[in-house]
Asker: 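First, the structure itself, so that you have it in front of you.
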Amino acid sequence: MLADLDIKTLTVTLTVVTLAVTLLLALAAWQAPAERGVRQWALGNASLMLGLLLNINQDRIPHGLSIILANGLMTLGLGLVWLGLRQFRSRTQPQWAPIAVSLITMLLLWVFRYQIDNLTVRYAISSLVLGGFCLLCATELLVAERPPMRTASWFSGIIALTYGFILVARPAASLTGWNGPNDLLGGPLQLITVLGAMAAQIGMACGLILMTHYRHLDSLRRLSELDPLTETLNRRSLLLQAEQLLRRMAASNEPLTLIMLDADHFKHINDEFGHQIGDEVLCHLVNRVRLLLRGRDLLGRFGGEEFIVVLPGLDSVDAGQVAERIRQSICQHDGQSLQRPIHLSVSLGVACSEHHGYDFNTLLGAADAALYRAKALGRNRVELAPGPDGAPQEQVALRLLSHFRHNLDV
């Protein structure tokens with residue numbers, strides 16, 4: 001079957017496919033100019049296309065263009081794709097590397113064409129350089145990722161890895177006689193190379209477009225779930241995740257504690273320093289809290305300067321100790337802004353499922369009442385919500401007052 005295929009026709013088809021992929025990636029870069037890496041992918045494919053156009057016209061233009069410049073452009077193209085992958089991962093991009101490798105490749109090809117005319121060496125140089133860049137692309141793609149990004153990344157990575165090995169193995173396969181009596185630029189080896197390039201172009205382009213698609217989906221998910229200022233869970237997302245966690249804890253009969261945290265005198269900070277500084281103070285508060293949380297704990301912004309921490313697996317005693325460490329951590333580390341220290345303290349109310357069950361609203365009400373007690377007793381302290389056997393009159397009074405607390409500067 002391979003013998004029935006025409007190399008020139010396949011190469012022209014590959015060039016058309018590369019042009020289509022270039023236009024597709026250019027459209028993606030135009031639609032999402034802020035997306036990292038897409039512009040390099042489009043430029044890289046454009047360079048590959050120009051190199052292929054020169055390569056298929058060897059009988060019409062000088063070898064200096066059809067061999068030396070063509071391979072230099074293809075090397076530069078794969079190098080730009082590699083740079084785009086590194087930028088997509090927010091890694092450092094050695095911008096000079098593809099240009100330097102492309103220039104060195106053209107210099108070596110010039111030497112072994114015009115100084116020492118050796119087709120075998122030229123073939124080995126172009127194969128190893130192009131294959132090496134494909135393998136570098138594979139190392140950027142075959143990395144740990146969360147689904148569904150992992151599917152698209154590994155799909156492209158396996159394609160790049162496979163085609164990279166094909167290119168690197170070409171010189172050895174030719175020297176061992178696998179290509180038969182054909183020369184280096186003909187026979188089944190060249191057919192496999194061109195067909196592999198076509199499949200790799202289509203497959204990698206699909207994978208790269210999917211990666212940008214999943215990146216956009218992840219950005220939209222973060223916008224819908226996170227508070228834009230502090231990057232903690234927003235109120236809606238906190239409620240959904242906390243209720244799911246409560247159901248799991250109830251099924252396994254494990255304790256869960258909810259902590260309501262409120263910055264003391266935050267209105268005064270806004271009035272004295274301005275709302276921009278107030279935003280920085282809230283971010284500082286969140287960073288201090290995060291240092292003391294585990295991976296499965298939840299942290300969300302309930303509203304204004306109020307935050308909620310959900311601690312699965314901790315009873316009221318252990319959670320009370322965590323709350324006290326949070327209070328001390330925030331109180332002992334003043335936020336520095338405008339060359340002036342801004343003293344910040346917090347009050348915390350703690351409610352545990354062992355006393356209040358696994359209903360989110362019940363836990364929230366108990367923690368809110370405990371928080372009001374902490375405010376009423378002088379702020380900058382931790383208060384545990386009393387159990388159901390506590391003084392009923394006091395609990396009712398605290399719950400009623402908590403409804404008015406949010407409208408007052410307390």
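Quick note: numbers below take in every heavy atom, side chains included, and nothing from hydrogens, waters or symmetry partners.
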Asker: Strictly distance-based, threshold 3.5 Å: is any side-chain N or O of Arg89 a donor or acceptor partner for the main-chain N or O of Glu140?
Answerer: yes

Asker: Quickly, which of Glu354, His356, Gln321 forms a side-chain hydrogen bond (donor to acceptor under 3.5 Å, both in side chains) with Ser316? Name it, please.
Answerer: Glu354

Asker: Kindly indicate, with the supporting measurements, whether the criterion side chain to side chain donor-acceptor pair (under 3.5 Å) is fulfilled by Arg379 and Ser347.
Answerer: CA-CA 5 Å; Arg379 303 181 180 89; Ser347 301; 5.9 Å; no

Asker: Can you tell me if Thr105 uses its side chain to pair, donor with acceptor, with the backbone of Val101 under 3.5 Å?
Answerer: yes

Asker: Quick check: closest heavy atoms across Arg301 and Leu229, and the distance to 0.1 Å?
Answerer: NH1-CD2, 3.6 Å

Asker: Using modelled atom types only, decide if a donor and an acceptor are shared between the side chain of Ser102 and the backbone of Gly72 within a distance under 3.5 Å.
Answerer: yes

Asker: Would you give the length of the straight line joining atom CG of Leu48 to atom CD of Gln201, rounded to the nearest 0.5 angstrom?
Answerer: 5.5 Å

Asker: I'd like to know if the side chain of Ser237 and the backbone of Leu233 have a donor-acceptor N/O pair within less than 3.5 Å.
Answerer: no

Asker: Do Ser47 side-chain atoms and Met74 backbone N/O form a donor-acceptor pair below 3.5 Å?
Answerer: no

Asker: With a 4.0 Å cut-off on N to O distance, would you call Lys267 and Asp271 a salt bridge?
Answerer: yes

Asker: Find the distance between CG (Leu130) and OH (Tyr163) and round it off to the nearest 0.5 Å.
Answerer: 8.0 Å

Asker: Rounded at 0.5 Å granularity, tell me how far CG in Asn45 sits from CG in Leu43.
Answerer: 9.5 Å

Asker: Quick check against the 3.5 Å criterion: does Asn287 have a side-chain atom that pairs as donor or acceptor with the backbone of Cys283?
Answerer: yes

Asker: Please check: side-chain N/O of Arg215 versus main-chain N/O of Phe88, any donor-acceptor pairing under 3.5 Å?
Answerer: yes

Asker: Identify the heavy atoms of Ser353 and Pro255 that sit nearest to each other, and give their distance.
Answerer: OG-CA, 3.4 Å

Asker: Quick one: is the NZ or CZ of Arg247 closer than 6.0 Å to the six-membered ring centre of Tyr358, and within 45° of its axis?
Answerer: no

Asker: Tell me whether the count of non-hydrogen atoms from other residues, nucleotides or ligands lying under 6.0 Å of CZ in Arg236 goes above 12.
Answerer: no

Asker: Taking all non-hydrogen atoms of both residues into account, name the closest pair between Thr22 and Ala46 and its distance.
Answerer: OG1-N, 3.4 Å

Asker: How long is the straight-line distance from CG of Leu78 back to SG of Cys137, given to the nearest 0.5 Å?
Answerer: 6.0 Å

Asker: If you draw the axis of the six-membered ring of Phe302, does the NZ or CZ of Arg235 fall within 45° of it and under 6.0 Å from the ring centre?
Answerer: yes

Asker: Can you tell whether the side chains of Lys375 and Asp264 come within less than 4.0 Å, N to carboxylate O?
Answerer: yes

Asker: What is the minimum heavy-atom distance between Pro98 and Pro94, and which atoms define it?
Answerer: CD-O, 3.5 Å

Asker: For His268 and His265, take the angle between the two ring planes, folded into 0 to 90°, and tell me which bin it lands in: parallel under 30, tilted 30 to 60, perpendicular over 60.
Answerer: parallel

